[in-house]
Amino acid sequence: MTNRDIAAVLREMALYYEMEGVAFKPAAYEAAADSIESSGLDAATLYEEGGRPALKKIPGVGEGISHHIEGLLKRGGFPEYRRLHKKYPIDVLTLTSIEDLGPKRAKVLYQKLKIKTLHDLERAATAGKIRTIPGFGVKTEEKFLKGIALKKSSHGRYLLGHILPIATKMEEELRRVSGVKHAVVAGSIRRRQETIGDIDILVTTSQPEKVMAVFVGFPEVAEVLEHGPTKTTVRLQNGCQADVRVIADESFGAALQYFTGSKEHNVVVRKMAIAKGLKLNEYGIWRGRKRLAAKTEEDVYKVLGLSAMPPEIRTASGEIEAAKKNRLPVLIPYGSVRGDLQTQTSWTDGEFSIAEMAAAAQALGLEYIAVTDHTRSLAMTGGLDEKKLWLQGREIDALNAKPSGFTILKGAEVNIMKDGSLDIDDEALKKLDVVGAAVHSHFKLSRAEQTARVIAAMKNPHLDVLFHPTGRIIGRREPIDLDIEAVIKAAKATGTAVEIDSYPDRSDLRDSHVRMAVELGVKLVIDTDAHATAHLKYLDLGVAIARRGWASTSDVLNTRPLAELLRWLRTPKNKRK
DNA sequence: GCCGTTTTCGGCCCGACTGTTTTCAGTCG
């Protein structure tokens, strides 16, 4: 039982208690779930080694919840969970993942219409039954259907940020199997697409059976679908499929090229081969029966007169023409971001103190972070006002006064109000090192209104970065309706940078928008939007988006050393370059 | 249910928005 499994049960408990109308317990269970999920320590190991007292060292876990976790680990459950699950035998986690459907409504839906699953909900909504329940209307019914459709449209795809760590771990472990020469993840993961269909791993080895045995034995594997010496397919616990293909070492490059895709890219490349009287397949590039190249991707592309393109840009959208002319962009390298300019702390809805976030960032090799807690009008997070921002600044000054080789910048994630004004006054903003702003309300304005609102905000002389510009949350919330080209042009005109929010389900800006920004010469910032120390490692997911958008190091402000970054930030907006 | 050099008992983030209402519950973040 992983931390994630435990957290899921605790979240379910929180929802049941909300259905019951119990006070304070929901928040306590929710807090414990968050804490366990983001804890670097494995709860099962902790319990094994130190019993319940060790579990209670996890913040938010006390007498009661530690007993429950013990029950989960030893017996797979506990009485209170069983009692509540029996009373509400519904898939409450899935149902409440639909927007505007919370525990109270889930309870009513079960009591009135016996709705237990998403499928039940869809049937009832389609049949017009939801609107018959008091307190529910036509709009609510439509909203549920929209929510279900949104969920379905992302079905079968997994977020890169969730799958990449698993795929990388498998790749590394297969590489350690004796006889293995290459083990490489190909497909959409190698291209770092924002969502992933499945995991494809290519292996060259002298001992295929051994590799396949190790593969099907991974703890993540739920079910073996195919088990052969050259191709084995499994389904993982999370539902994602994973393939291992064993290929001949002499054609590794051709296979890697073939299985990396994209499909569209490969179609164009194969057409080029045909035009030259050649044939390209996963075994090599051929003239008749003579194999001209296959060992490495570079060799294969070279036969076609192309320099090898980074996987992230193999989308058949200009990369082949650029490769032909030897004019490929030099993409920003992974690991080149020096500091994170969007982080939240326990001053608002983050889980850790400023000092803890800074220490974790420094441990990851970063040189600086900006603390950008929410501001006043985001009241539910305890958003900061001018006074609190000043107080927070004092804490930051004190931390920076200690020699550490690391710098904490003063910042904020300011709210953009409906009219485009910011919810913190200019005097206070002026004193901050980095001012970010974002839309957190009125998501449904018309395109014209929404665009005007965001552009108005960018005209503020103190706003440095537009945070997560479209506000989307993959699989959950549609982006705000924005004329993104107008916004990016306004960023250029006003000297405002735009953010790539690396947080896995945000990925905002997305690749195509980044490319537009790069082409227009707008500066980018890559941040994690970390609400916990464990989130800081997402930076490279943002670098992946930047690479998909053809960005170079010089396009991204926070690849600069601190002094250079500060020079840009302190330059009046109309003079920034 | 958790937490604590202001407390071992008494607090616990709260305002805006929406859709359903005839005064407000539920949800969001």
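By convention in this document, chain letters (A, B, ...) are assigned in the order of the sequence lines, proteins followed by strands, and residues within each chain are numbered from 1. Computed over heavy atoms, backbone and side chain alike; hydrogens, waters and symmetry mates excluded.
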Quiz item: What is the distance, rounded to the nearest whole Å, between atom CG of A:Asp349 and atom C1' of B:dC28?
Solution: 12 Å
Quiz item: Taking the side chain of A:His68 as heavy atoms from C-beta outward, which of B:dG1, B:dG26, B:dT20 is closest to it?
Solution: B:dG1
Self-check item: Separation between CG of A:Leu109 and CZ of A:Arg105, rounded to the nearest 0.5 Å
Solution: 9.0 Å
Practice problem: Establish, yes or no, whether a centroid distance under 6.0 Å links the rings of A:Tyr29 and A:Tyr17. | Solution: yes
Quiz item: Can you tell me how far C1' in B:dC13 sits from the matching atom in B:dT27, rounded to whole Å?
Solution: 16 Å
Quiz prompt | N/O donor-acceptor pair under 3.5 Å between A:Thr96 side chain and A:Pro103 backbone | solution = no
Exercise. Report the distance from atom CG of A:Leu101 to atom P of B:dT18, rounded to the nearest whole Å.
Key: 18 Å
Quiz prompt | Test: A:Lys56 and A:Glu63 ion pair at under 4.0 Å | solution = yes
Self-check item: C1'-based separation of B:dC17 from B:dC12 [nearest Å]
Solution: 24 Å
Quiz prompt | Span that lies between the C1' atom of B:dG19 and that of B:dT23, in whole angstrom | solution = 14 Å
Practice problem: Please give the nucleotide sitting opposite B:dC9 as a Watson-Crick or G-U wobble pair, both distances under 3.5 Å, or none. | Solution: B:dG4
Exercise. Give the nucleotide from the list B:dG1, B:dT27, B:dG19 with an atom nearest to the side chain of A:Arg105.
Key: B:dT27
Practice problem: Provide the distance between the two P atoms, one in B:dC9 and one in B:dG15, to the nearest whole Å. | Solution: 31 Å
Quiz item: Does A:Arg547 pair with A:Asp511 as a salt bridge, N-O distance under 4.0 Å?
Solution: no
Quiz prompt | Distance, rounded to the nearest Å, where A:Phe144 contributes CZ and B:dT27 contributes P | solution = 8 Å
Quiz prompt | Nucleotide nearest A:His442 when distance is taken to its side chain, options B:dT27, B:dG1, B:dC17 | solution = B:dC17
Quiz item: Rounded to the Å, how far apart are A:Lys107 NZ and B:dG26 P?
Solution: 9 Å
Quiz item: Would you call A:Glu141 and A:Lys129 a salt bridge, using N to O less than 4.0 angstrom?
Solution: no
Exercise. Rounded to the nearest angstrom, tell me the gap between atom NZ in A:Lys418 and atom P in B:dA16.
Key: 14 Å
Exercise. Indicate whether any N or O donor in one side chain lies under 3.5 Å from an N or O acceptor in the other, for A:Arg453 and A:Gln450.
Key: yes
Quiz item: Taking atom P of B:dG15 as reference, at what distance in whole Å does atom NE2 of A:His440 sit?
Solution: 18 Å
Quiz prompt | Given DNA chain B, 5'-ward residue of the pair A:Lys143 and A:Glu99, judged by closest heavy atom | solution = A:Lys143
Quiz item: Mind checking the P distance from B:dC28 to B:dT20? Whole angstroms is fine.
Solution: 15 Å
Exercise. Determine the interatomic distance between C1' on B:dT21 and the same-named atom on B:dA25; round to the nearest Å.
Key: 10 Å
Self-check item: A:Glu142/A:Lys139 salt bridge by N-O under 4.0 Å criterion
Solution: no
Quiz item: How would you label the contact of A:Ile98 with the nucleic acid (heavy atoms, under 4.0 Å): base, sugar-phosphate, or nothing?
Solution: sugar-phosphate
Practice problem: Identify which nucleotide among B:dG19, B:dG26, B:dC2 has an atom closest to any side-chain atom of A:Ala28, counting heavy atoms from C-beta outward. | Solution: B:dC2
Quiz item: For atom C1', what is the distance between B:dT6 and B:dG11, given to the nearest Å?
Solution: 13 Å
Quiz prompt | 5' priority, DNA chain B, between A:Val138 and A:Ala106 [closest heavy atom] | solution = A:Val138
Quiz item: Separation of A:Arg477 atom CZ from B:dT27 atom P, in whole Å?
Solution: 17 Å
Quiz item: Rounding to the closest angstrom, what is the interatomic distance between B:dT8 and B:dC3 at atom C1'?
Solution: 10 Å
Quiz prompt | ring pair (Phe, Tyr, Trp, His ring centres under 6.0 Å) partners of A:Phe78, counting only residues at least two apart | solution = A:His68, A:Tyr81
Self-check item: Aromatic ring of A:Phe24 stacked on base six-ring of B:dC2, 5.5 Å, 30°
Solution: no
Self-check item: Atom-pair distance (CG on A:Leu95; P on B:dG26), nearest Å
Solution: 17 Å
Please write out each protein N/O paired with an N/O of nucleotides 3-10 of chain B under 3.5 Å, distance rounded to 0.1 Å.
{"unit_1": "B:dC3", "atom_1": "OP1", "unit_2": "A:Gly60", "atom_2": "N", "d": "2.8"}

Self-check item: Out of B:dC2, B:dT20, B:dT27, whichever nucleotide has its closest atom nearest the side chain of A:Thr140
Solution: B:dT20
